[in-house]
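Scroll down for the structure; my scribbles are underneath it.
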Amino acid sequence: MKRKQPGRCGVWLFGAHGGLATTIIVGATLAARDLVSRSGLLTETPPFDGLALAGLGSLVFGGHDVRETSVFDSAYEVYRANGTFDLEKLQAIHDDLNAVDDDIRTGTAFNCGATIRRMSNRKANRRPRRLRELIESIQQDILEFQERHDLERVVVVNVASTEPPLPPEPRFETLKGIESLLDENDARAVRASVLYGYAAADLGFPILNFTPNSGCLVPGVQVLARKRGAPFMGNDGKTGETLVKSALAPMFKYRNLKVLTWQGYNILGDRDGQVLADPENKRAKIETKDGVLSSILGYPLHTHVGIDYVPSLNDLKTAWDFIHFQGFCDYRMSLQFIWQGCDAILAAPIVLDMVRLAEFAQRNEERGLMTWLSCFFKSPVGVDEHDLHFQFQHLLDYVQSHLAGKTWPGSGRVAKTGKTFLPE
Ligand SMILES: NC(=O)c1ccc[n+]([C@@H]2O[C@H](COP(=O)([O-])OP(=O)(O)OC[C@H]3O[C@@H](n4cnc5c(N)ncnc54)[C@H](O)[C@@H]3O)[C@@H](O)[C@H]2O)c1
């Protein structure tokens with residue numbers, strides 16, 4: 001089968017001035033200019049050869065944020081705090097970064113909780129007169145960006161701060177429910193993530209929700225995205241402690257070692273840590289981090305996920321995990337690990353991998369859940385299987401099926417019981 005070739009692809013980032021968004025923009029620009037290697041990018045490894053993914057140099061960045069700054073200033077801030085970029089190289093791409101400023105617009109901090117409200121500017125904090133108007137203005141910003149750069153496709157990525165979790169709302173379950181909520185202008189029921197998700201889904205643009213803000217992909221938004229022909233996936237990028245958990249926990253299963261306790265303690269600095277210091281916002285994160293273990297092991301166990309804000313660490317997140325397990329003759333043993341990862345350095349390449357794969361999916365007329373991206377998420381929507389090995393194989397199966405020129409059977413749920421793939 002003859003495949004369409006990729007054109008220039010827009011990447012619209014909600015949270016465009018954040019540490020992660022900045023690392024995505026800087027990293028892609030440096031790698032496209034061969035000023036850094038491509039390590040960390042899975043799509044640059046042999047299994048992806050021949051897949052005709054969009055080149056890093058063909059990506060054009062824009063987005064919304066609620067704070068005013070410039071991309072270069074954000075990059076300089078990341079450099080000062082974490083030393084993750086080389087200053088000389090940053091200066092070499094100064095003009096490229098300045099050009100992205102023209103494509104960043106003020107988003108909405110509407111109903112995102114006190115911590116986000118405090119860091120947002122006046123415009124972002126404005127209460128919308130009508131929710132539909134706000135959605136239209138978000139869409140207009142993205143469409144103007146697409147037109148300005150003559151982009152064939154735009155992939156929308158949510159990398160905004162973690163919001164407090166949404167209270168249960170039955171109207172989110174259906175598209176009709178969301179439409180009625182918007183028609184009634186019921187502002188209390190929604191957060192910014194819902195408006196962003198709805199706006200992108202309605203445009204039929206691929207959506208990646210890298211945050212724990214599940215509002216972005218509530219079931220009603222998923223229905224809309226599918227209807228408009230958009231592929232989508234979330235929630236909450238898996239980059240650190242949870243990644244290690246989902247790789248290690250299956251090992252205990254493979255040897256019938258019973259895990260009694262898995263105690264995890266995370267400390268992190270920077271703005272993400274500051275936002276997560278608010279107990280309301282933290283609740284959303286703990287919910288996505290805590291579900292993984294009992295799902296992999298298949299039985300309940302004592303777990304704890306602690307997250308504390310330690311300003312001096314900046315983006316160098318540290319996690320200490322203590323695993324207490326039982327073996328033959330009921331003998332008890334333990335495993336401990338310490339993970340010290342630079343959050344944005346781990347996250348940025350997998351966002352770029354997913355942008356390329358989402359663009360590829362839409363180019364190949366695939367719509368709905370991109371379950372093959374589950375290995376990148378803490379709470380993969382529609383995938384009950386959290387075992388990293390299974391998830392990774394699912395991605396390889398998808399890639400190999402395309403390389404063999406076969407049509408992928410479609411997007412569907414992936415059941416826990418093993419390799420079953422249930423097309424929608
Ligand atoms: N390893 C990782 O970096 C990683 C892993 C998994 C998930 N995440 C999630 O990605 C998100 C971004 O992480 P970060 O480290 O870049 O945080 P950050 O605080 O540096 O950046 C978040 C950005 O979002 C902006 N923002 C807040 N509310 C917004 C809104 N309603 N609309 C538009 N912009 C808004 C903020 O002004 C800020 O610039 C967080 O939700 C985090 O939990 C990150």
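The first residue of the sequence shown is numbered 1, and numbering continues consecutively from there. Atoms within a ligand are numbered from 1 in the order they appear, just like the ligands themselves.
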Quick note on ligand 1: atoms under 4.0 Å from a heavy atom of G19 include exactly 16 (O), 18 (P), 20 (O), 21 (O)

List for me each residue that meets salt bridge (charged side-chain N to carboxylate O under 4.0 Å, His left out) alongside R171, sequence neighbours excluded, and say none if there are none. E169, E184, D186

So W320 and I267, side-chain contact (heavy atoms from CB on, under 4.5 Å) or not? Walk me through it. CA-CA 9 Å; W320 169 65; I267 49 177; over 6 Å; no

One finds that the ligand 1 atoms under 4.0 Å from a non-hydrogen atom of A347 are 1 (N), 2 (C), 3 (O)

For G237, take its heavy atoms, then give the atoms of ligand 1 lying under 4.0 Å from any of them. 5 (C), 6 (C), 7 (C)

Could you list which atoms of ligand 1 come closer than 4.0 Å to a heavy atom of G15? 23 (C), 24 (O), 25 (C), 33 (C), 34 (N)

Rounded distance (nearest 0.5 Å) linking atom CG of L203 with atom CD1 of I135: 10.5 Å

Please list, in number order, the atoms of ligand 1 under 4.0 Å from a heavy atom of T211. 41 (O)

I need the atoms of ligand 1 closer than 4.0 Å to a non-hydrogen atom of K378, numbered in the order shown. 6 (C)

Looking at ligand 1, would F110 count as a contact under a 4.0 Å heavy-atom criterion? no

Mind jotting down which residue pairs meet the salt bridge (Lys or Arg N to Asp or Glu O under 4.0 Å) criterion with at least one end in residues 8-33? Sequence neighbours excluded, please. R33-D96

Indicate, as side chain, backbone, both or neither, the part of V66 found under 4.0 angstrom from ligand 1 when only non-hydrogen atoms are considered. both

Contact check: A109 vs ligand 1, nitrogen or oxygen atoms, below 3.5 angstrom: no

N/O separation below 3.5 Å, T162 to ligand 1: yes

Contact region, A192 to ligand 1, non-hydrogen atoms below 4.0 Å, reads side chain

So for ligand 1, is R67 a polar contact partner (N or O within less than 3.5 Å, distance only)? yes

Pick whichever of A21, G18, S161 has a heavy atom sitting closest to atom 24 (O) of ligand 1. S161

Is the gap between the ring centers of H402 and Y398 under 6.0 Å? yes

W262 and D321: side chain donor to acceptor below 3.5 Å: yes

For R191, is the nearest heavy atom under 4.0 Å from an atom of ligand 1? no

Within reach of ligand 1, part of L20 (heavy-atom separation under 4.0 Å): both

For M119, counting its heavy atoms only, list the atoms of ligand 1 lying under 4.0 Å from any of them. 27 (C), 36 (C), 37 (O)

Ignoring hydrogens and angles, state whether a donor on the side chain of S379 or N235 is under 3.5 Å from an acceptor on the partner side chain. no

So, are E136 and R130 salt-bridged, with charged N and O less than 4.0 Å apart? no

Taking heavy atoms and a distance under 4.0 Å, where does K238 meet ligand 1: side chain, backbone, both or neither? neither

Compute the shortest N/O to N/O distance between D315 and ligand 1 and return yes if it is under 3.5 Å, no if not. no

Could you check which of T108, N209, I104 puts a non-hydrogen atom nearest to atom 30 (C) of ligand 1? T108

Determine, step by step, whether F232 and V221 satisfy the side-chain contact (heavy atoms from CB on, under 4.5 Å) criterion, reporting the C-alpha distance in whole Å, the side-chain angles of both residues, the deciding distance to 0.1 Å, and the verdict. CA-CA 10 Å; F232 54 85; V221 167; over 6 Å; no

As an exercise, state the distance from CD of Q140 to CG of L143, rounded to the nearest 0.5 Å. 8.0 Å

Give the atoms of ligand 1, by number and element, whose distance to some non-hydrogen atom of D236 is under 4.0 Å. 6 (C), 7 (C)

How far does CE of M233 sit from CZ of F210, to the nearest 0.5 angstrom? 12.5 Å

Would you kindly specify which portion of E163 sits under 4.0 Å from ligand 1, judged on non-hydrogen atoms: side chain, backbone, both or neither? neither

With H394 as partner, the option from V383, T371, L373 fulfilling side-chain contact (heavy atoms from CB on, under 4.5 Å) is T371

Heavy-atom pairs closer than 4.0 Å: do any link ligand 1 to the side chain of C112, the backbone, both, or neither? side chain

Could you tell me if E179 and Y198 have a donor-acceptor pair between their side chains, going purely by distance under 3.5 Å? yes

